[in-house]
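Worksheet: one structure, shown below.
What's counted below: heavy atoms across the whole structure, side chains too, no hydrogens, waters or symmetry copies. Every number for a ligand or one of its atoms is a count from 1 in the order of the listing.
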Amino acid sequence: MLIAEAWLPASSDRNIMPNPRQRAPSRRPHWIISLLLFVCIAAIALYVYPPQRYSACYLLSSKVCGPFTEWLPPVRRARVYTDDELFARVVISDILSVHVVESKNPKIAFMFLTPGSLPFEKLWERFFLGHEDRFSIYVHASREQPAHVSPLFIGKEIHSEKVAWGKISMVDAEKRLLANALQDKDNQHFVLLSESCVPLHNFDYVYNYLLGTNVSFVDCFEDPGPHGTGRYSEHMLPEIEKEDFRKGAQWFSVKRQHAVLILADSVYYTKFKLYCRPGMEGRNCYADEHYLPTFFSMVDPTGIANWSVTHVDWSEGKWHPKAYRARDVTFEIFKSISSIDESIHVTSDSKKLIQRRPCLWNGMKRPCYLFARKFYPEALDNLLHLFSNYTIV
Ligand SMILES: *[C@@H]1O[C@H](CO)[C@@H](O)[C@H](O)[C@H]1NC(C)=O
Ligand SMILES: *[C@@H]1O[C@H](CO)[C@@H](O)[C@H](O)[C@H]1NC(C)=O
Ligand SMILES: *[C@@H]1O[C@H](CO)[C@@H](O)[C@H](O)[C@H]1NC(C)=O
């Protein structure tokens, strides 16, 4: 009915409202013609544009339809899984349903993805000291052998390969770190960090935050703009449809089950390896920003928090996020980052829609972030000086 009303010529009929009965008979032929015309147009439109996702919206432009799609349940085309997809889905759901054997001595794996030396080893050492049996460290150094200043990091390098920014080799390095860290059965949570990351809280806080919940912290949102779904390629069909495509920051922290899932998957990984790369079909797609958010939102959407526990400041709106220099490192800046308790996502289309969600930890609103990036190496002294103050909790 909504459709018919919207399509009928309203203005001429409004004029006759005061006396509709008298005028009605003489208008009947017009009505019949209009109705016939409408049915014809509808039939042609249906033929040319068969209904896809929103069955009630096929005749209206997306602008008119926008408000309705909010409350219409999405109708997916029924699709028969390919063999590969079927096998992957079965393996994935089996991994997710198996009860995880809890370790007697659960540890967190801190996985550093870096080109070379880690400028904040001294700071991390302060963070780790006194908690020796509750963490393990893995370093993937893709360019040069790191020089260590803390004994905690000596001998923690894994076999590494070259990593090119924005390419699948980045995801491969993440998987290499996970494969090494998973070999220690005590590792129950796996945190990916870069050389420019610093801790925002003390060890106990981070440990209890990550191990005290069942979710992985994988950043994930639907961005209809050019830096989101605009990077999708139809070559990803049939397994990955356009509406499955998600975006999120690379810096994840995942529970053990999810770490295994990442290594078990090759179907979705292969799609990103082949069809999400810089220069793909004249656009740039970066697998490290899309593969895991898309993968988890397809196979275990309620198992991820949808935000990353690593803070980064994009508010300057530049190509790279804000990087903190020595003079920026103050008690106040740490206080303000560690008190953020809402995650914010902004779409990259012209609307620049801002999505704000409370950071819910086991249903309670809590600070979102445990780590922050990006810090210049020159910030080290100030960080060390402030560390015991800003990490009181
Ligand atoms: C984790 O999941 C299990 C089973 O699904 C549930 O019993 C338990 O309460 C959850 N733990 C937390 C911290 O949410
Ligand atoms: C994350 O977002 C998905 C929708 O993409 C939703 O189904 C899921 O519940 C969200 N996770 C949490 C923990 O809120
Ligand atoms: C650390 O905190 C103490 C007490 O709150 C304060 O006296 C001291 O000046 C702080 N140090 C720095 C470097 O901010």
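Here the heavy atom of the protein found nearest to atom 9 (O) of ligand 2 is Thr302 CG2, 3.8 Å. The protein non-hydrogen atom at the shortest distance from atom 8 (C) of ligand 2 is Pro301 O, 3.4 Å. Remark: minimum distance from atom 1 (C) of ligand 2 to any protein heavy atom is reached at Asn306 ND2, 1.5 Å.
Residue Ile304 touches ligand 2 through its backbone alone, judged by heavy-atom distances below 4.0 Å.
For the pair Phe252 and Met111, the tightest heavy-atom approach, listed with the atom from each and the gap, is CE1-CE, 4.0 Å.
Counting protein heavy atoms under 4.0 angstrom from atom 13 (C) of ligand 2 gives one or more.
Relative ring orientation between Phe110 and Phe135 is described as perpendicular, the plane-to-plane angle rising above 60° on a 0-90° scale split at 30° and 60°. Ring planes of His235 and Tyr275: parallel class, angle under 30° (limits at 30 and 60°). Relative orientation of the Tyr291 and Tyr269 rings is perpendicular, given thresholds of 30° and 60° on the angle between their planes.
In this structure, Arg126 is not positioned above the aromatic face of Phe387 in the sense of NZ or CZ being under 6.0 Å from the six-membered ring centre and within 45° of the axis.
In this structure, Val215 has no heavy atom closer than 4.0 Å to ligand 2.
Remark: among candidates Arg357, Glu222, Arg246, Met298, the nearest residue to atom 5 (O) of ligand 2 is Arg246, based on non-hydrogen atoms.
Between His345 and Asp219, the side chains place a donor N or O and an acceptor N or O closer than 3.5 Å (distance only, hydrogens not considered).
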